[in-house]
Amino acid sequence: MADRSRHLIGLLLGAEEDWPQAFEALLQRVGPVTIDGHEHEFGSRRLTIEPFDLNDPVRVGLVIDRLAYWYYHPREWLKKAALMNGTYLLNSPFTFQSMEKHSAYCAMLRLGLKIPRTVLVPYKNPLDNVRWAYTSATYNRPFDLDAIADDLGYPLYMKPFDGGGWRGVSRINNPDDLHRAYDESGEMLMHLQATIEYDKFARALSIGAETMVMDFRPDEPMHNRYAVSHDFLSPAAGHEAVAISRIVNAFFGWEFNSCEMLVKGDSVHPIDYANACPDVAVTSLHYYFPWALSALVKWSVFCLATGRRSSVDLHTERYFEIADDSSLDYDAKLNAYLALADEHFETAKYHEWCAAHLGDFDLRVRDWVAGPDFARILQETVAATYPPHEQDKFMAHFKGLTDHWVADQAG
């Protein structure tokens with residue numbers, strides 16, 4: 001009789017129900033995986049929030065976290081689980097806490113990526129700190145907000161240095177917009193960031209060693225922002241978009257993250273790539289939802305079955321050595337960074353392992369999406385998201401797009 005291991009995946013959730021139900025259903029379709037005579041089984045549980053002793057054991061071997069980026073109690077539990085119990089975390093709470101958008105911009109500028117010019121300006125309103133008045137009067141230098149904006153050029157964007165979910169983001173077209181947005185920023189610490197005239201706004205969702213680059217239309221309603229468009233970038237820009245997404249994630253130790261990029265011709269400019277809770281809702285991803293859930297299941301199973309270990313150490317010096325090599329041009333540096341990222345994610349090993357041990361899983365995913373269980377989840381999600389008079393329209397919209405995905409897989 002084969003040796004057997006039972007692996008448990010923890011889901012740390014907020015208000016979501018669509019993708020957790022889909023993840024649980026698809027994980028059941030993985031079945032036992034046998035490696036060198038050792039059988040691996042997989043299950044999941046939804047994690048609860050409660051007091052914990054720092055010496056308490058942790059039952060789950062891997063956690064998919066959708067909560068700790070804003071709720072600090074579970075964030076501290078994740079840190080304890082990683083440091084004391086070796087629990088595998090798809091997104092490091094250490095780097096997501098310290099590497100907000102500001103630090104992430106700085107790090108990628110250090111690597112030479114094409115980040116638009118960005119200026120950090122002081123708070124508009126005083127901080128709630130008794131020392132602020134003296135410090136401000138003594139050390140804060142006056143500055144000309146209009147001069148900064150003129151130097152960056154209109155239009156530009158004002159956004160929080162640590163923002164998420166488009167919180168506090170304003171497009172600034174003129175001085176009136178500038179002063180209105182700055183006055184409304186209050187105690188938020190803001191960036192002013194130049195923009196470029198772009199052809200496409202690309203959003204890449206990366207899960208482990210897999211990346212999907214999608215044609216994103218930020219001005220559309222959420223249900224219509226992701227266009228089903230497979231060749232919207234040139235081959236060079238497509239390669240660069242995938243490479244940048246994977247490099248960012250490997251550099252910071254993130255395995256479930258999205259990256260937004262402005263694309264002009266073959267030139268790719270990352271503008272937002274520190275997303276601790278990337279969008280995976282069926283009502284926004286629609287066509288791409290089955291891919292995302294399949295990749296999330298496969299990466300989780302791969303990590304547990306192969307004994308992959310996560311690390312708090314980032315080894316950023318390896319990237320900086322490439323950045324400082326004057327003999328390399330931009331494309332050569334990008335490919336060298338990508339080689340480090342593929343090493344980090346064991347990209348070749350992952351795809352070989354999935355082919356060997358999960359060869360028919362994609363077919364199981366397709367059959368499930370075509371079946372009644374997915375239709376039930378979709379119906380429940382639409383009912384919970386839209387008013388009754390719009391539900392038939394949106395059910396037809398999302399069902400049509402996911403049926404399109406099923407047909408493409410069959411083809």
Side-chain angles (χ1 to χ4, degrees), residues 62 65 78-79 82-83 86-116 118 162 204-213 236-261 267-276 278 295 299-300 302-304 306-353:
L62 180 148
D65 164 41
L78 287 174
K79 293 177 183 176
L83 290 171
T87 305
Y88 195 95
L89 308 178
L90 294 200
N91 280 340
S92 165
F94 306 99
T95 56
F96 261 121
Q97 184 170 358
S98 63
M99 295 293 184
E100 20 45 21
K101 284 181 169 53
H102 178 77
S103 299
Y105 285 149
C106 293
M108 293 301 103
L109 280 167
R110 175 76 170 81
L111 297 193
L113 299 190
K114 302 168 187 174
I115 312 299
T118 305
D162 62 346
L205 177 60
S206 290
I207 300 172
E210 296 196 50
T211 297
M212 180 68 69
V213 181
H239 169 76
E240 189 171 336
V242 170
I244 288 171
S245 302
R246 194 169 298 159
I247 291 162
V248 164
N249 289 352
F251 184 93
F252 292 113
W254 302 336
E255 300 180 2
F256 189 13
N257 186 40
S258 62
C259 178
E260 295 176 355
M261 296 159 279
S267 187
V268 180
H269 303 260
I271 59 167
D272 182 4
Y273 45 85
N275 296 296
W299 182 253
S300 300
F302 167 77
C303 292
L304 288 170
T306 61
R308 179 175 165 85
R309 310 302 298 174
S310 55
S311 174
V312 177
D313 303 319
L314 296 178
H315 303 292
T316 56
E317 72 282 351
R318 300 177 68 197
Y319 291 85
F320 293 151
E321 288 171 2
I322 296 168
D324 294 339
D325 188 342
S326 60
S327 70
L328 301 176
D329 63 13
Y330 178 78
D331 290 338
K333 288 182 179 180
L334 197 72
N335 287 328
Y337 298 144
L338 180 57
L340 292 181
D342 282 330
E343 176 188 325
H344 171 82
F345 286 115
E346 303 178 282
T347 302
K349 177 182 176 180
Y350 165 76
H351 288 294
E352 291 167 2
W353 189 90

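In what follows, residues are counted from 1 in the order of the sequence shown. Side chains are part of it too, since the values below use all heavy atoms of this structure and drop only hydrogens, waters and symmetry mates.
Between Ile322 and Ala336, the shortest heavy-atom distance links the atoms CD1-CB, 3.6 Å. Minimum heavy-atom separation, Ser92 to Trp254: N-CD1, 4.3 Å. Minimum heavy-atom separation, Leu205 to Pro278: CD1-CB, 3.8 Å. Leu314 and Gly253 get closest at one heavy-atom pair: CD2-N, 4.0 Å. Tyr350 and Ala209 make their closest contact through CD2-CB, 3.7 Å (heavy atoms, listed as atom of the first residue, atom of the second, distance). Nearest heavy atoms, Ser206 versus Thr211: OG-OG1, 2.8 Å.
The main-chain N or O of His315 is never found under 3.5 Å from a side-chain atom of Asp313 such that the two would form a donor-acceptor pair. Side chain of Ser245 to backbone of Cys259: no donor-acceptor contact under 3.5 angstrom is found. With Tyr105 contributing its side chain and Ile271 its backbone, the two residues share a donor-acceptor pair below 3.5 Å. Without hydrogens or angle criteria, Tyr273 side chain to Ala104 main chain gives a donor-acceptor distance under 3.5 Å. Looking only at distances, no side-chain donor or acceptor of Asp272 sits under 3.5 Å from a matching main-chain atom of Met261. Formation of a donor-acceptor pair under 3.5 Å by the Asn257 side chain with backbone atoms of Asn275 is found in this model. The backbone N or O of Tyr337 sits nowhere less than 3.5 Å from a side-chain atom of Arg246 that would complete a donor-acceptor pair.
Within the 4.5 Å cutoff, no side-chain heavy atoms of Thr95 are placed close to those of Phe251. Counting heavy atoms from C-beta outward, Lys114 and Glu240 have side chains that approach closer than 4.5 Å. Under the 4.5 Å side-chain criterion, counting only non-hydrogen atoms from C-beta, Asn249 is not in contact with Phe256.
Taking NE2 of His344 as the start and CD1 of Ile247 as the end, the distance is 12.5 Å to the nearest 0.5 Å. Here the CG atom belonging to Leu62 is positioned 5.0 Å from the CG atom belonging to Leu304, to the nearest 0.5 angstrom. One distance of note links CG of Leu340 with OH of Tyr319; it measures 5.0 Å at 0.5 Å rounding. Within the model, atoms CD of Glu255 and OG of Ser300 stand 9.0 Å from one another, a figure rounded to the nearest 0.5 Å. Atom CD1 of Ile244 is separated from atom CG of Leu111 by 10.5 Å, given to the nearest 0.5 angstrom. The line from OG1 of Thr347 to CD of Glu352 is 10.5 Å long, rounded to the nearest 0.5 Å.
Note that Arg110 lies in the cation-pi zone of Phe320, set by a 6.0 Å cut-off to the ring centre and a 45° limit from the axis.
Counting only N and O atoms by type, the side chains of Asp331 and His239 include no donor and acceptor under 3.5 Å apart. No side-chain N or O of Asp65 forms a donor-acceptor pair with one of Asn91 less than 3.5 Å apart.
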**Chi angles and distances behind the side-chain contact (heavy atoms from CB on, under 4.5 Å) call for Leu78, Thr87** = CA-CA 8 Å; Leu78 287 174; Thr87 305; over 6 Å; no
**Request:** Please test Arg308 against Phe345 for side-chain contact (heavy atoms from CB on, under 4.5 Å), starting from the C-alpha separation and ending with a verdict.
**Result:** CA-CA 10 Å; Arg308 179 175 165 85; Phe345 286 115; 4.2 Å; yes
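Close placement of the Phe302 and Trp299 rings is indicated, their centers lying within 6.0 Å of each other.
Salt-bridge formation is not detected for the pair Asp342/Lys349: no Lys NZ or Arg NE/NH1/NH2 atom is positioned less than 4.0 Å from an Asp or Glu carboxylate oxygen.
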